[in-house]
Each structure stands twice: as structure tokens, then as C-alpha cells.
A.B. asks: 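This is the structure, below, for whatever I ask next.
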Amino acid sequence: MIKKILETENVGSYAAHPVKTCTEWNGEFKSRNVIYGENGAGKTTLAMIFTSLSGDDKLLIEKQKIGSTGDQKIQILMSDNAKRKYSNGSWDQHHPEVEVFDIHYIEDNVYIGSSLLNRTRNNLFQIIAGEDGIKLNKKLEELHEHLDEFRQERRRIKTRLKLESASLPKEVIADLGERARTLSQELKYKANHIREVNIELGEYSKRIFEGSIDATNKYLRYFTPHIRLEKFSKKHSGPRQLVSYSLSVSGEVVGFEGLKGGSRHKIKYSLSEGDKSAFAFSFFLAQLEKGDISKKIVVFDDPISSFDQARRNATISQLLKISSKCKQLFVSTHDIHFAKALSRKMEQASSVNLKITKKSNSSYIEFHDIETETLSGIFKDINVLRSYLLSGATTELEKREVVRCIRPILEGIIRIKYFNEIERGEWLGDMLGRIENSQEGDRLFRIKNLAADIREINDYSKEFHHADPTSPWGDTINNEELRIFVGRTLHTIDQI
């Protein structure tokens, strides 16, 4: 497992020591890590660090710190206390069991909406074909290299014979001719061998492709049942294996370039952004099934991009299944409510909520009290009052913040409890007028006996809601008086 990021240098906006520890978190990742961060904080950079660790040394060049020309450095502590170090453009040792799903995975491998560059299509073949398919393809590349070498040598011999035959001794001409004939025989042998390997690779690919189709469709039905993966199509350009595919969208088959004798529609224009993300996500989940997932570190960077609520719930279900099987899980998101929903369903002892924050243009990874941060306004304000009674306040600014929470709490509680009686746009002063003028039988009459207390509390707090340089109280808040009014406020809302 990845235990801790010890150091970064010139990698995105991350600080030299990007992990901030506290009493709640010692800075070490757990088996399940849910990471919240606003856009631009550094989530994608973190995913790229993990992708690079898996084997792509050159990827991090794209994340050179803006304005810096120095060497990029990273130091990661693994669970066995071994260190992985990145410097001079490469890692001292890779960790190939890291699998990352992010926007780069979508564009570089599934290439939804892209121009189907051969490099991209070759990447997709390698992902689907797996280790055995890559070995066969490597064998094919070596055969093509030998074929090219033989062709070049035969071409040189024929050129020499054509240009120099008049000046060459007969025995040299005979030797060159014999060598050319031998090379022609070797070329035939190599060409036949290439055909045999191509057939073997084709049969292997067909089996693997069919399995990938079934697995991808299994997941697609959770996210977008009107889309199905129909087939993968393999062709080769020399030794390069190029793969495309077609989908059915609401029963109509579409591809990237349109289909001969079939639909003229293309995937690029037939899928919504949510559909594209759903297909890419389903394809990634299908590929996870191929290896031993119990050995894998699985990373998801913003997996719910463009997803509606139903797809978000389906995503949480799938992430929970993966978390129970994989060695370590990282999920980063810009949606704090998604992070909260996911983390609540995870086993607490083995999971941690983290947050990427940007301070003075440097990003840090720190503990995230997500439950407190996602409280609605009124509950946050109540929490401020309770914390003050427990721990007090050390500065005038902190005390002023406590005072400013009092009136919104009273307004909020009354608005919630007496929602039919309070009009939109009415505030505490308006509410007090309604309460004081209420008659027996009115719902607000129930709290008419509290009106005097509410007015006194309001009169105290409103002095600090407005900038009034002539205020008789000045800028100083009496701590004992504040404690009394905080206690009265909490007691009053209990009775409302």
C-alpha cells in the first residue's frame, strides 16, 4: 500500500511537504481514502503521481510547477517502509499494481470523442489484450523488425549488383546473388511466421474482446441501460495492433466513423457527456476484473463527472464493492456531498476523509472533518454556540462570530417549526411582531410567552450585525455576558 507522501518538488502546486498532520490524522493513508478538493486544488495531479508510479515516468513532466525549471522530485513511503523516489525524470522503482481512472484514462485509452489516433487505438488494444496479448504483439514487432532488416540488406545487395556488376569479380557477384536468394527465402519464412502469429493473436484477441464486451455491458446496465457495447474491431498496421469498437444507443449501432451499410451516426455526437463517462467507467471496472484485484491499489479521480443522482448512487455501490476487494482505494472528488455519502458507508476503522486545500498557491493534503463542514447553516451556527460554551473564545473576532450566530439560529428554528406562518423574506423582527400579535388558537401563540426573551436576545445580538461606530458598546464583547446570552439562546430554541 501507499503509506505516505513524504516530499514533492516542482510537481503541480504541491508544497515541498504536502501532508499536514493533526491529532485526528498522523499523515498516513489508510486502506480506504476519500479525498475532497475543489477544482484546481490538486486532485488530478495526485492521480497523475500515482499513474506515474505505476510505470509512466514521463507523465509528470506535464505537471512541472509553473515558473520552475528545477528537477521534479517525489518521495513516497510504502506500507513495507520502503521508499519510492522520483528524480531526473524517472522512478527508482515502479509499482505496477496501481490502476488509475481519471480524465487521462478516458482520453488516452477509451478515447471517447477523440480523433482515433493510431497511438490511442494501440493503447486500447494493450489494455484489453492484457499481458499475454502484449507478449504476442511484442513477438510480432520483433518479427517485423527482422523482416525490415532482411529487406534492407537484400535491397542493398540488389543496388550494388545493379551499380557495380561491371567492376566486381564473378565470384563476388555469385556470392551476392546467393545471399540475395537466401534472404528472399528468409523473407518468405518470416512473412509466413508473421501470418501465423497474427492468426494466433487474432484468435486470442477475439476471446479476450468477447469477455471484455460481456463484462463492460454488465456494468453499463447499472449506469445507462440504453447503451451496450456491441463489438471490438481489430486490425493491424504493420506490427501495431489497432482497435476500435461500436456501441448500440437505444438499439441503433453507432461507431466512430459511421458504419458501412448501417447507421450514419457517430459515437462522438450520439452520447451525452454523462453517457461517455458511464461507458468509460464501466470499461475500467471491466478491466479490473482481469487481474487479482486483491493486490491492486485502485485510484478514482472524480468518477462522477457529468453523472446525475441515479448514476452517482450506482457509482457509490460499485466503489464499495471494489473497496471490499482491492488492497487500497483512493477516491477523489470535487463534490463534497458525494464524498460524505461514500465515506459514511465505508468501514470507519480502515477509512479516512482527507481534503486537498490550497493555501498561498501551495496545495496540502490534510484531515477533513466532513460531517462538520457539511452541516447546514443553522446546525453550523448551533455548533459554534456549543463549542463556545465548552471551550470559550480567545479573541474578539471569535467572540464576534459567536454573537453573529445567535440571530440566524432563532430565525431558522422559528422558520422551520412554523413554516406555514412565516412568509419568505420575513426576518426575526417580523417574526417577533407576528408572535406578539398572535391570538389564542394561532400556532404562533404557543411561543408568545417566549417573545420577551427572544426580543432581549435579538436586541443584544443585533448590535454586532451592523457596523455602527457610535455604538455604546464599542468593539469589546464582555465574555460573561456573551456566555449568558448563548445559554439563553440554546435554552430558548429547546422551548420553541
Side-chain angles (χ1 to χ4, degrees), residues 2 5 8 11-14 18 29 32-64 72 74 76 86 91 94-114 117 119-120 123-124 126-128 216 219 223 271 273-288 290-291 293 296-307 311-312 314-316 318-319 322-323 326-336 338-339 342 354-356 358 363 365:
I2 296 171
I5 298 178
T8 61
V11 181
S13 60
Y14 278 101
F29 296 119
R32 318 292 173 240
N33 305 273
V34 181
I35 305 173
Y36 165 72
E38 296 178 352
N39 289 328
K43 301 188 304 299
T44 298
T45 301
L46 183 64
M48 290 176 73
I49 289 173
F50 292 153
T51 303
S52 178
L53 177 63
S54 72
D56 191 345
D57 286 330
K58 299 187 183 301
L59 180 64
L60 288 177
I61 296 172
E62 303 294 333
K63 279 295 178 179
Q64 178 84 18
Q72 290 179 299
I74 303 172
I76 292 178
Y86 180 91
W91 292 90
H94 292 128
H95 194 85
E97 294 297 337
V98 178
E99 302 284 351
V100 180
F101 177 82
D102 60 5
I103 188 61
H104 301 289
Y105 178 90
I106 297 172
E107 282 300 319
D108 291 346
N109 301 316
V110 183
Y111 54 78
I112 287 286
S114 77
L117 298 175
R119 177 189 63 81
T120 304
N123 285 351
L124 181 60
Q126 293 181 22
I127 285 181
I128 303 173
T216 302
Y219 291 109
F223 300 101
L271 302 182
E273 290 304 312
D275 290 338
K276 294 173 185 177
S277 296
F279 173 68
F281 189 61
S282 299
F283 178 79
F284 180 82
L285 296 179
Q287 302 317 302
L288 281 181
K290 290 184 177 179
I293 194 171
K296 293 184 182 294
I297 298 170
V298 186
V299 181
F300 292 92
D301 177 29
D302 259 338
I304 60 166
S305 176
S306 305
F307 277 10
R311 285 172 173 167
R312 292 180 185 205
T315 301
I316 288 175
Q318 295 306 317
L319 292 176
I322 291 168
S323 74
C326 69
K327 190 170 189 177
Q328 190 175 27
L329 178 71
F330 292 87
V331 180
S332 66
T333 177
H334 69 280
D335 187 327
I336 194 169
F338 174 79
L342 175 61
L354 303 174
K355 183 178 183 179
I356 302 176
K358 207 167 186 179
S363 293
I365 303 170

A.B. asks: Distance check, rounded to the nearest 0.5 Å: L285 atom CG versus Q318 atom CD?
C.D. replies: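 The CD atom of Q318 is 6.0 Å from CG of L285, to the nearest 0.5 Å.
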A.B. asks: Does any non-hydrogen side-chain atom of L329 lie less than 4.5 Å from one of N33?
C.D. replies: no
A.B. asks: Once you round to the nearest 0.5 Å, how far does CD1 of I5 lie from OH of Y14?
C.D. replies: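 Rounded to the nearest 0.5 Å, the CD1-OH separation comes out at 6.5 Å.
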A.B. asks: Verify the ring-centre separation between F281 and F223: is it less than 6.0 angstrom?
C.D. replies: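 Between F223 and F281, the centre distance is under 6.0 Å.
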A.B. asks: For the atom pair OG (S13) and NZ (K358), what is the distance rounded to the nearest 0.5 Å?
C.D. replies: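 Going from OG on S13 over to NZ on K358, the span is 4.0 Å.
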A.B. asks: Step by step, work out the side chain to side chain contact (heavy atoms under 4.5 Å, CB included) result for W91 and I76.
C.D. replies: CA-CA 10 Å; W91 292 90; I76 292 178; 3.8 Å; yes
A.B. asks: List the atom pairs, with distances to 0.1 Å, where a side-chain N or O of residues 43-50 and a protein N or O form a donor-acceptor pair under 3.5 Å, not counting sequence neighbours.
C.D. replies:
{"from": "K43", "atom 1": "NZ", "to": "G37", "atom 2": "O", "distance (Å)": "3.1"}
{"from": "K43", "atom 1": "NZ", "to": "E38", "atom 2": "O", "distance (Å)": "3.4"}
{"from": "T44", "atom 1": "OG1", "to": "D301", "atom 2": "OD2", "distance (Å)": "3.1"}

A.B. asks: Work out which heavy atom in C326 is nearest to a heavy atom in V298; give both atom names and the distance.
C.D. replies: CB-CG2, 3.9 Å
A.B. asks: Establish, yes or no, whether a centroid distance under 6.0 Å links the rings of Y219 and F284.
C.D. replies: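 Aromatic pair excluded; centres sit 6.0 Å or further apart.
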A.B. asks: Are any of the side-chain heavy atoms of K296 and V98 separated by less than 4.5 Å?
C.D. replies: no
A.B. asks: Would you check if H95 and I297 make a side-chain contact, meaning some heavy-atom pair closer than 4.5 Å?
C.D. replies: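 The answer is yes; the side chains approach within 4.5 Å.
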A.B. asks: For R311 and D275, which heavy atoms make the closest approach, and how far apart are they?
C.D. replies: NH2-OD1, 2.7 Å
A.B. asks: Okay, side chain of Q72, backbone of L60: is any donor-acceptor separation there less than 3.5 Å?
C.D. replies: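 Confirmed, Q72 side chain pairs with L60 backbone.
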A.B. asks: What distance do D302 atom CG and N39 atom CG have between them, rounded to the nearest 0.5 Å?
C.D. replies: 6.5 Å
A.B. asks: Given 3.5 Å as the limit, does a donor-acceptor pair link the side chain of Y36 with the main chain of S332, or not?
C.D. replies: no
A.B. asks: CG of L288 to CD1 of I293: how many Å apart, nearest 0.5 Å?
C.D. replies: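 One gets 5.0 Å once the value is rounded to the nearest 0.5 Å.
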A.B. asks: Could you pull out all residues at least two apart from K327 that satisfy salt bridge (Lys or Arg N to Asp or Glu O under 4.0 Å)?
C.D. replies: none
A.B. asks: For Y86 and D57, which heavy atoms make the closest approach, and how far apart are they?
C.D. replies: OH-O, 3.1 Å
A.B. asks: Does F300 offer a backbone N or O that forms a donor-acceptor pair with the side chain of D102 under 3.5 Å?
C.D. replies: no
A.B. asks: Sequence neighbours excluded, which residues qualify as side chain to side chain contact (heavy atoms under 4.5 Å, CB included) partners of D335?
C.D. replies: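 Result, side chain to side chain contact (heavy atoms under 4.5 Å, CB included) vs D335: I304, R312, T333, H337, F338.
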A.B. asks: Given side chains that start at C-beta, do those of V34 and F330 come closer than 4.5 Å, heavy atoms only?
C.D. replies: no
A.B. asks: Closer than 3.5 angstrom, by distance alone: can the side chain of S277 be matched with the main-chain N or O of G274 as a donor-acceptor pair?
C.D. replies: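 No; judged by distance alone, with no hydrogens or angles, the pair does not exist.
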A.B. asks: Mark yes or no for whether Q328, through its side chain, and I2, through its backbone, hold a donor-acceptor pair below 3.5 Å.
C.D. replies: yes
A.B. asks: Using side chain to side chain contact (heavy atoms under 4.5 Å, CB included), reason through V299 and E99 one step at a time and then give a plain yes or no.
C.D. replies: CA-CA 6 Å; V299 181; E99 302 284 351; over 6 Å; no
